[in-house]
Structure formats: structure tokens, C-alpha cells
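This report refers to the structure that appears directly beneath it.
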Amino acid sequence: MVNEVAKGGDSLSSSSKANKLMTLKEAVSSYVKDGSSITFGGFIGRDCLAAVHEIIRQGVKDLLVIDDSKTDVIDMLVGAGCVRRWEGAYAGYGSIGLANNVRRAVERGIPFSVEMEDWSNAAVSMRFLAGGLNLPFMATRSMLGSDMIKYNSRIKVIDDPYSGTPVALVPAARPDVAIIHAQKADPMGNAQIWGFTGNDENKARAAKHTIITCEEIITTEQVRSQGNLTLIPFYCVDAVVQVPYACFPQSCYGYYAYDVLFCGDYHEMSKTREGFLSWLDRFVYGCKDHAEYCRQVGWKRLESMTRLERQFNRI
Amino acid sequence: MVNEVAKGGDSLSSSSKANKLMTLKEAVSSYVKDGSSITFGGFIGRDCLAAVHEIIRQGVKDLLVIDDSKTDVIDMLVGAGCVRRWEGAYAGYGSIGLANNVRRAVERGIPFSVEMEDWSNAAVSMRFLAGGLNLPFMATRSMLGSDMIKYNSRIKVIDDPYSGTPVALVPAARPDVAIIHAQKADPMGNAQIWGFTGNDENKARAAKHTIITCEEIITTEQVRSQGNLTLIPFYCVDAVVQVPYACFPQSCYGYYAYDVLFCGDYHEMSKTREGFLSWLDRFVYGCKDHAEYCRQVGWKRLESMTRLERQFNRI
Amino acid sequence: MHGSGEYVKGKNYTASELMAITTCKEFKDWEVAFVGIGIPLVAGILAKRLHAPNLIIVYESGSIGPEKLRVDFNVGDSSAADGALCLTSEWHVFGDLQCGYYDIGVLGGAQIDRYGNLNTTAIFGEGDYHRPKVRLPGSGGGNDIGSSVGRVVIMMRLEKHRFVEKVDFITTPGFLDGSPGARKRVGLLGGGPAAVVTSKGVFRFRPETGEMYLHTIYPGVDVEEIRQSVGWDLIVSEDLKVVADPFDTELSALRSADPANLILGGAESRKHLSGYDQFVDLTLKHAVK
Amino acid sequence: MHGSGEYVKGKNYTASELMAITTCKEFKDWEVAFVGIGIPLVAGILAKRLHAPNLIIVYESGSIGPEKLRVDFNVGDSSAADGALCLTSEWHVFGDLQCGYYDIGVLGGAQIDRYGNLNTTAIFGEGDYHRPKVRLPGSGGGNDIGSSVGRVVIMMRLEKHRFVEKVDFITTPGFLDGSPGARKRVGLLGGGPAAVVTSKGVFRFRPETGEMYLHTIYPGVDVEEIRQSVGWDLIVSEDLKVVADPFDTELSALRSADPANLILGGAESRKHLSGYDQFVDLTLKHAVK
């Protein structure tokens, strides 16, 4: 957000400042519009897939996705035809393979051609750090000598005015919306996150509107009992939505492990356009909300992933 | 630290990597030299006064202190003749008054004249953020239009190459030494901090050598049980020293409250050079180490401040 | 007697107390306030205990929204963190300030000019920046707050050597030379000064010229007395009002916010305490839990 | 059979397994390693379980020094955080990388040239950057690691379409054009590539020219076979040695580090699992506690 309009409540009444709880449907329809720029919290782990499904269900078009590394988030949004442009560092499936929908869109324009602007993860991190500080740019020592600079004119290589040595500048990222999944948040919007935190603290600050989804709603008193774990303070936040298992099949530290087999099945299905569309029918269009998705996946399967995770991490 | 030489152990043997414990005397004599540049953690609260006393005892000279806001740390070091130059934002006593030794040094050259380079707290924060990222500079929207720019040629006002609007650049701070007090640390140097964290995460990264002092030594297993509270990872750290009550008369969140009366007495005494010197004799030169300082202050007094703090904050 | 100096003639409060109570009314409920140490902070705590229970106070040390159970003497006291909503870093808080998340900041200063430019760096006297008559603490976070916060409230005792035609050093810009758009032109984001709360009355600023004018006066204060304490030809509101005497409830809330009178009373008050035990007892007795 | 593809002829291991075991020897105890996902990570876990128990593995998601109780499929799996020494932000980890705190990084790639320049962005084919034949994932943290880490180890299957005269897109610079000081001249801080571990042997780099040469070969591999798989005139070490067969202890440690064979075995292995229950059971059974 930029200086002119403070969010997280300037236009809100006192009662809405104290309580930003809403449904995922409300949050997405309030803040994610055709043509919006958007980013997602997490780092291929703690990404809010439930919001991605809801965006697809609402038929949002022409998104500009600005992000570091993404898997399902970007592949599904691209495949569902929601994305016009990607500014990011990584769109793939780790050890599983490439992102099939991204490939189809870029290589063959199916369902639409998507503009790709390549950055490195450190560069995207600096773009969000700049955005979160409301600075116009940040320097980085990444990407120097690479072809990212050749194809991306917004990376400016300058001579450092202090030492004279070359350094790259990257512009601030200030998306319209950030959707960030936390383990716990209070109704005011104070979000507490355990495990690695990606660029979430800066994404929440940089975005004009921030939606916090979470596994559990806690009281503000509980927030106060461990303020060092509040990664995102309430004033960066516009909406708070409780969405258990929002990241499935990805992991949520302390809550559930990554379901690599489910993700593998998706990857197999999405190798063809038809397979992807039938997957969408079953798990997105066929489910009116996230609770139905959970039922479709199977609660027993979800609980298995919780059982697995809790052998290793408990909050 | 800069890229050429990684610290926190490149030159250390495996056993020294696992165990960086030493005495305060050893840590100061190993890393704080005549002419060193230095910064201290904390923010007029959690500042390591014990290290300041030890530096004075060891008679270190010509320090360049780079810091945001400091009270006792800078006033005592200046009064004891350890400081050649200050690059910082605030040297004063909050609601108690001005820093008497700093005044004498700047206004009248007693005991030595000290160069002052003025920055704002946000500017110093950006300097350490740049240092901690090993970037040459950071931008800031502070100090524009102020006379800090007039007297400090290292603040460069440029037109942002993306938007054309003015913004100030500040150079990275990379002091030789950072001394940071944590509530808990393990022998490897993983430091966990509760309460506000100032610029400590970046100071520890930016400095060529980092000394962690702490109230308690914990095991590495205990560190692992709450990794989200590790503000400073071991690889930034050269020395770990257990120093209970290291910040007294300042506060240490969860351990002891600020003793405003003790600090007020110091302030009264330091109004004259003679008063300050007799204070030094009693509390610094007269104590061979921090344990003797604690005895000189009185354990009952220290424990009262713990009793007070623990009514409000427990870790 | 509580507060610094004597009671205002014929009143049951001191000038410092009236300054704190007047300032406290500048805060609105649910605002986020970036408050410096000393009387400004006491005013913030008071606002939370009176009309603005949901006021969020932020400290540059990295504490956001503490409960304010007890008073702080420095922005880095552990008390600044009591029950905070978010305990984070200094640089994050300044970033949030620069993002525009903070509505109001309260600052003190040693010198101010008619455009609200503040000096907290040095009084030059016969000397200069490098060898001044009085070396002051420096900007601290003052410049940052004045640069980027939504609106700034300044608290200063009204004395002629403080309200000067030209400050020796602009630590924190107000409206600079008062020309239209002067702040924006140099790249500043925040709204600039909104009020100067003094020991004798309150000044506000003309939007067109950025010039300070006398807006309200305290009971028993004469306008001429104020004119004499200002180093330029002062504009006085045509509709000058007198501030009401504080209510007893306000005074007692104020006094319990600074129970040992160490902020409002300063060094003198320390001498009235028998020792640290009494300080601990007073703090605990008046702590809001 | 464990690992991808067939066992090496006459051996009890696959080429992927030998790659992982060979790579694992590049890590030294107490080093800090920035490791990408997939086989590189398995090599890191293996090193911790064999000769380098104090190896610190760092993930770009913001996890420093996890215990590595179980394997990860993505750098953002919750497993990446198991018992970590420090759980922090992505940008901090990249800052620490840029500060020089990280000794070694391990990367994969789709194309590499003789100077160790890597492409993970796009295979142009008949097309171009905007409409390539194969759109790859992009840099991720690869460029950052290659730019700033102490030394880089690259893992790639040795295939002619991968080892090319000129990569379509330099995602991660190696020694650029190989001219002296090329990396420093563009502003890069890290040491650049140190080794390329392939499915048939290991390449290292000549310090003077930045050019890759064949350093060691795997048992049963012919040098000519390697020359044929490289798109330029390959330099071969005059002192070419053969890598020893892995010990059974190394193979069993490797297999238990990836108990469902999902990393080394890939998509095929998923089909051999009866379902998520078996996956959970295998993970728990092989977890190091």
C-alpha cells in the first residue's frame, strides 16, 4: 500500500476494525477483481490453495501474479484462464516435474497466452521488501551477468554511487491483493506464523489489501501472550477467514504434511488439457466451497496428513 | 561482514564451531580493538552495559560507534575517552535529560572532542539492513528537507530511476564488531530474543564479528524446539558469553525492569566531570568484572527489578 | 503536587499536566500512534485510559500495540513490550510508518519556527553544528515520524528561546519554507504538523501558508503573554477559545499513569522517593491489569 | 530396485544413486549448504547421515539447519522446518547468502555450457524466450545461489541436448565467457561452479579459463561415450580416475533417506505405492529421530 490511503481500516467502522472475520467467498469477491495484481503467501508450503479454488470459481480474469516460487497456485490459475501475466521466479513442481498448465499457456497459448517476466527469488524478495518499506526500489547482487537482465528492462544495472561497482536495482512490488495463510490469527487480523515465513511479512505490508486465511482463530489475548510470533500486524490486514486445510495438498507447518501423492495425481491429470479440466470439474467447480473440497479429498486422507505432521512438528 | 571472509567460524576448528563460549574479558579483548567500529544491540533496553564497562576497563581507544539510539552505552564510552566518532541518531537520556558526557565532549572537547555524524533512526535502520544484506546502500524517505542532509554528505538525494521522485540513499553500515544481548543462546551462537528486537538481526549480520551476551545458556535442542524465536543464527556469531543482568540499569524483557532511579543517580553524578569519574571508579574501574558490578549495585536491588519485570513479562 | 513546577495560579493542576491532558485529546480511538518518550507517551497512555481505549501505541524499538500497564521512561524499556500485539524490529516499524499505517505522531523539540520545523540536534549559540553551545540528543525517530506520519502533534513549553524565527538546525521538517507543496517537492510523504501543544495554549497551522497560529489558550493565560514568548509576529485565531479546566477524573487518571511523578515531575521527583522499593511498589500498585 | 531407471550394468545401484552418493562427498562437515530440491537435497541428507553430521542445510523458504528427519519434495514442505535452528524469512536467507555465510550450493539445470552457465528458464527450440519449445520453471533461487554462494556443485544427467555449446538462456551464470575476472566484472560475489556431477562422471573447472574438464568417470563408463554426450570439444584430465563403487552402507543410507523412492525414482515410483497410508507409514518408519 502506498502512503495516500492507509488500509486495514481507514474506511472501516470501529466494529469492523475489531472484527474483520468474513467468509472466503466474501473476502475474494471484495478484493480480487478482474485485472488485479495479486500475490500469495507461503513458499510452496503454506500457500492458500483454497483461495485459488475460490478465485477460479468466481471466474476472475486477467490477474497479474507477482510471486517468488509457486506450484499449484500458478499452475491452476493459469490453467483455469485467470492469469494474464506472471512476474516471478519459479513456476514448477519441484521433484515432480514441470508445471503443465504453465507450459501449455506459454508454449501454445492454451487456454490463453501468458506474459512471463523472469526474476530470481532473491530479486522478488527484494521487490517485496521495497514494497513493504514503501521504497521505490532495492538493490541486489543477483541476476548480474544473466539473461534475465537482457529480457527484463525493469532490472536496472547501475554503478553503486558509493563504491562504483555494479549492482542491480529492482522496482518495488505493490500488488492490489495479498492472500496469506497463517496458522493462527485473531479477528483484528494479527497473524501468527510458525515455520519458515517466506516473504509473507513484506507481502502483507506491500499489498493494498491483505486477506489472512488461517487454520485457527485465536483471541487477541492469546495474540498478546506471544507477540514475538505475530508476523503480520492487524493494520496490514483487511479480512480474516478461518479455512482449515486451506493449503492441502501442500503442507502447513504444525498442522498437516505435504500430500505428495495427491499432488502427483494432479500432475499426471494435468498433463493433458482434458485431464486438467476434469480435475477442475471434480475438485473446484464441483465443490461449492472449501468444506466440499475437503469432503471430496476425504477427511480421512486430510487427517492422515495431520497425523504425519504432528509426529514432527507441534505448535 | 563482507563476502570475502565468512565469519562465525571459517577459521575455527570444529570444536570451536560447536562451542563459542568464552568470558566477557576474552570476547572483548579478541574483537574490540583500538580504532574498531562497533555497534550494540538493543534499543535503550537490552543494551549490553556489561560489555561497555569491560571495554572501558580494557582502555580501548578511538572507537567509531555506529548506532541508532543509545543512552548509557554512548555516554559512558564517550566520558571514558573510548570514542573518536559517533554515527547515529540519538544520544540522550529520554525523559531524564541530555547525555552529559556527550555534551562535554562535543561542546568543550572534554575529555576529547568527538565527531558527530547525524542520521535518523530509520536511516540507521536502513544502513544496517543494507549491511545485513551485503548491499551497498538503501533508500529512505526520511531526512528529506532536513539539515541532516546539509551536514552529512554521505546522504545522497537522488531521483528514483523508476518514478523520478526524490529519495535519499544511505550507505551500508558494516562495523567491525556488534555486541548483542539476548535472553537465551546456545553454545553454537543461536540467539533467541523476546520483546522488541530493534535492529539486532541486521546488526549481527552486518558486523564482521558478533559477540552474543545472554542471560541464559540453553542447549541446541532447546533452540530447535522453537526455531521461530532464533533472531540470530549461529553463523553470524563469533563468541557467546553468559552475563546475567548485563543490561542493568536498563531493562531486559522477561528478566528485569529498568531501574530509573539508578539511571537518574548516574545522570546526576555525570553532570560534572568529577562526578562521572568517581562513578567510573566505583562501578567500572573498581569492579574487576560484571559479577563485582552486580555486588556493587547490590543483588537485592537487581532481584527487585526481576520481581517487578516478572509481574508483567515472563518467557 | 504532581507534575513539574508549581500549580497554575488558582488551579489544582500544573502546566505540564494541562499539556498532557490537552495532547491526549488529539488521539482518536482506533488510531495508530507513534509516540515519543516523556510527556507525549503519558498523553498516549492517558488517552487509552480515557476516551480512546483502542488507541494503538507503537514504539520505534519494535513494539506494536502494548497494553500500557505501566509507564515507560525510554522507548526501549521492557514495559514498552507489555502484552504487545506484535513484537518486531525497529526497521519494520519505520517501514510501516513510511507505508502510511500510522495516523498520528507526537514529538517534543528544543526549537521550533513558525512553519513547525523542529530542532532536536544542537543549539549553535556562538558556535556551530560541530561545536555547538548545547548538543542535543539528535533526531532519534523524530525526523522519521515528522517525515512520514499522518499528522504530527508537537509538545513544547512556550518559551521565547524555543519559539524562534529560524531554528539552528532543521532536524524534523514541518512545512519547510511554507511554500505550497514544499513537503511534497522534497519527497516527504506525511501530512506534517497539525498542532503545537504548549504550556500556555495550542497552536495550529494554516493550510495555505503552513504558518502556525494561536488556536486556543489555557485558562488564565493572556494572549499578549503568548505573543511575547514567540520570536515572530504571531497570528491569533479570530475565534480564539479558552481550554476548559481538566476534570478531576482526567487529573487522577493522569497521575496514576505516572504514579511516581517521574515523567511529569522530572528529576525533582526522584528525590521524593525513598528508594527503588518504593518505586517498585508504586508501579505495581498503579499497574492496570 | 531403487532410484530412477535400471541398475548400472552389472552393479547394484542406479546412475541416479551414484550421482547422489558422489555429490554427497562434496559437502564437508560444519559447512553451510544451500541446497535445491530433488536429488541435490537427498545428497545433502545423505552427507549428514554419513560423513558430515554437522552439515547445516539451508532452505530458501527460510529454514536454517533443520534436523532432516524426513525427505522434502519441495523447499517449502513443513519437513524443511523440522527442528530447525532458525525459522526465518526467505529474504533473510538470501541476504545471508549474499553476505557470504553459505559455503556450498547444489543446483540442477536443463542446459549447461562449457563455462558452467546454466539454463533453467526455457528451451527455445524453433521459438524464442516468449514462445519457447519448453518453458522451464525459471530461476527460483538458482540464480541467487549461483551468484553468491561460496562454490556451486551442479547435478545433471549427461545428455547431449543438455551439455551444449551455448545455452539458450543464462539463468545462472557460471564463468560467463570464461575470460579472467568475468564474474567479478559484472559484480558477482560467489566463487562460481566447482563441479558438475553427472550420470557418467564428474567434471571440474580450470581456474585460468573457467572451462569444464572431465575429472573422474564412473565404473564401466567409456571416455568416448562421454565425449559424444558433450556439445563441444571436451578436455579430459590427464590423470583421469574412476569413481569407486558405493559401499552398501552408503546405498542403504541413501535408500532410507528417500524411503518411498519418490525423489530418486520419480513418477514411476508413485505407482508402486498402494496409497497415502503406505506413504505415511514408510515416512514414519524411516524417520530419524
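Chain A is the first sequence line, chain B the second, and so forth, proteins listed ahead of strands; every chain is numbered from 1.
Within residues 70-78 of chain D, the residues having any heavy atom under 4.5 Å from a heavy atom of chain A are, by residue number, D:Arg70, D:Phe73, D:Asn74, D:Val75, D:Gly76, D:Asp77, D:Ser78.
Both the backbone and the side chain of A:Asn199 have a heavy atom closer than 4.5 Å to some heavy atom of chain D. Heavy atoms closer than 4.5 Å to chain A are found in the backbone of D:Asp168, but not in its side chain. Both the backbone and the side chain of A:Thr140 have a heavy atom closer than 4.5 Å to some heavy atom of chain D. In this structure, chain D has a heavy atom under 4.5 Å from the side chain of A:Asn202, while its backbone stays farther away. Looking at D:Ile64, there are no atoms closer than 4.5 Å to chain A (heavy atoms on both sides), in backbone or side chain. For D:Arg185, the part sitting under 4.5 Å from any heavy atom of chain A is the backbone (N, CA, C, O) and nothing else. For D:Asn119, no part lies under 4.5 angstrom from a heavy atom of chain A. Contact of D:Val134 with chain A is made through backbone and side chain together, with heavy-atom distances under 4.5 Å. With a 4.5 angstrom heavy-atom cutoff, D:Thr121 touches chain A only via side-chain atoms.
With chain A as the partner, the residue from D:Ser79, D:Ser139, D:Cys86, D:Gly36 showing the most heavy-atom pairs under 4.5 Å is D:Ser139. Comparing A:Tyr256, A:Phe128, A:Tyr151, A:Tyr93 by heavy-atom pairs within less than 4.5 Å of chain D, the highest count is held by A:Tyr151. Most heavy-atom pairs under 4.5 Å with chain D, from the set A:Ser304, A:Ala99, A:Ser142: that is A:Ser142. Ranked by heavy-atom pairs under 4.5 Å with chain D, the list A:Gly94, A:Ala91, A:Gly45 is led by A:Ala91. Annotation: maximal heavy-atom pairing with chain A below 4.5 Å, among D:Leu136, D:Leu188, D:Leu176, D:Thr172, occurs at D:Leu188. For the set A:Ala89, A:Ala105, A:Cys247, the entry with the most heavy-atom pairs within less than 4.5 Å of chain D is A:Ala89. Among D:Gly127, D:Gly125, D:Gly141, D:Gly38, the residue with the largest count of heavy-atom pairs under 4.5 Å with chain A is D:Gly141. Interface remark: of the candidates D:Ser89, D:Gly138, D:Gly95, D:Ser89 forms the most heavy-atom pairs closer than 4.5 Å to chain A. Looking only at heavy-atom pairs under 4.5 Å with chain D, the residue among A:Gly42, A:Gly198, A:Ser146 that has the most is A:Gly198. Among the candidates A:Gly92, A:Ala257, A:Pro166, the residue making the largest number of heavy-atom pairs closer than 4.5 Å to chain D is A:Pro166.
Here A:Asn152 pairs with nothing under the side-chain hydrogen bond (donor to acceptor under 3.5 Å, both in side chains) rule; sequence neighbours left out. Take D:Ser63 and apply the side-chain hydrogen bond (donor to acceptor under 3.5 Å, both in side chains) test, not counting sequence neighbours, and it matches no residue.
Counting heavy atoms from C-beta on, the side chains of A:Ser113 and D:His130 never come closer than 4.5 Å. With a 4.5 Å cut-off on side-chain heavy atoms, D:Ser147 and A:Met143 do not count as touching. Considering only heavy atoms from C-beta on, D:Glu60 comes within 4.5 Å of A:Phe43 through its side chain. The side-chain heavy atoms of A:Met138 and D:Trp91, taken from C-beta on, include no pair separated by under 4.5 Å. In this structure, the side chains of A:Val260 and D:Phe279 come closer than 4.5 Å at one or more pairs of heavy atoms. Between D:Pro132 and A:Val106 the shortest side-chain heavy-atom distance falls below 4.5 Å. The closest side-chain heavy-atom distance from A:Lys300 to D:Asp277 is below 4.5 Å. A 4.5 Å side-chain heavy-atom check between A:Arg307 and D:Leu284 finds at least one atom pair inside the cut-off.
Under a cut-off of 6.0 angstrom, the local environment of NZ in A:Lys271 is crowded, with over 12 non-hydrogen atoms contributed by other residues, nucleotides or ligands. D:Glu126 CD: 12 or fewer foreign heavy atoms inside a 6.0 Å radius.
What you find for D:Gly62 and A:Phe196 is that their closest heavy atoms are C-CB, 3.6 Å. Between A:Glu107 and D:Arg131, the shortest heavy-atom distance links the atoms O-CD, 2.9 Å. Considering all non-hydrogen atoms of both residues, D:Tyr276 and A:Met305 come closest at CB-CE, 3.8 Å.
Distance check: D:Thr283 OG1 to A:Glu309 CD gives 11.5 Å after rounding to the nearest 0.5 Å. Taking NZ of D:Lys133 as the reference point, atom CZ of A:Arg103 lies at 8.5 Å (rounded to 0.5 Å). Here the CD atom belonging to D:Glu90 is positioned 11.0 Å from the CG atom belonging to A:Leu129, to the nearest 0.5 angstrom. Here CH2 of A:Trp119 is found 12.5 Å from CG of D:Asn143. Values are rounded to the nearest 0.5 Å.
Under a 3.5 Å cut-off, the side chain of D:Asp144 and the backbone N or O of A:Asn121 do form a donor-acceptor pair.
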TODO: Please report the C-alpha distance between D:Leu87 and A:Tyr253 in whole Å, then the side-chain angles of each, then the deciding distance to 0.1 Å, and finally whether the side-chain contact (heavy atoms from CB on, under 4.5 Å) criterion is met.
DONE: CA-CA 11 Å; D:Leu87 291 164; A:Tyr253 177 90; 4.1 Å; yes
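Annotation: salt bridge (Lys or Arg N to Asp or Glu O under 4.0 Å) contacts involving residues 259-270 of chain D, sequence neighbours excluded, comprise A:Glu268-D:Arg270, D:Glu268-D:Lys271.
A donor-acceptor contact closer than 3.5 angstrom is absent between the side chains of A:Asp147 and D:Tyr129.
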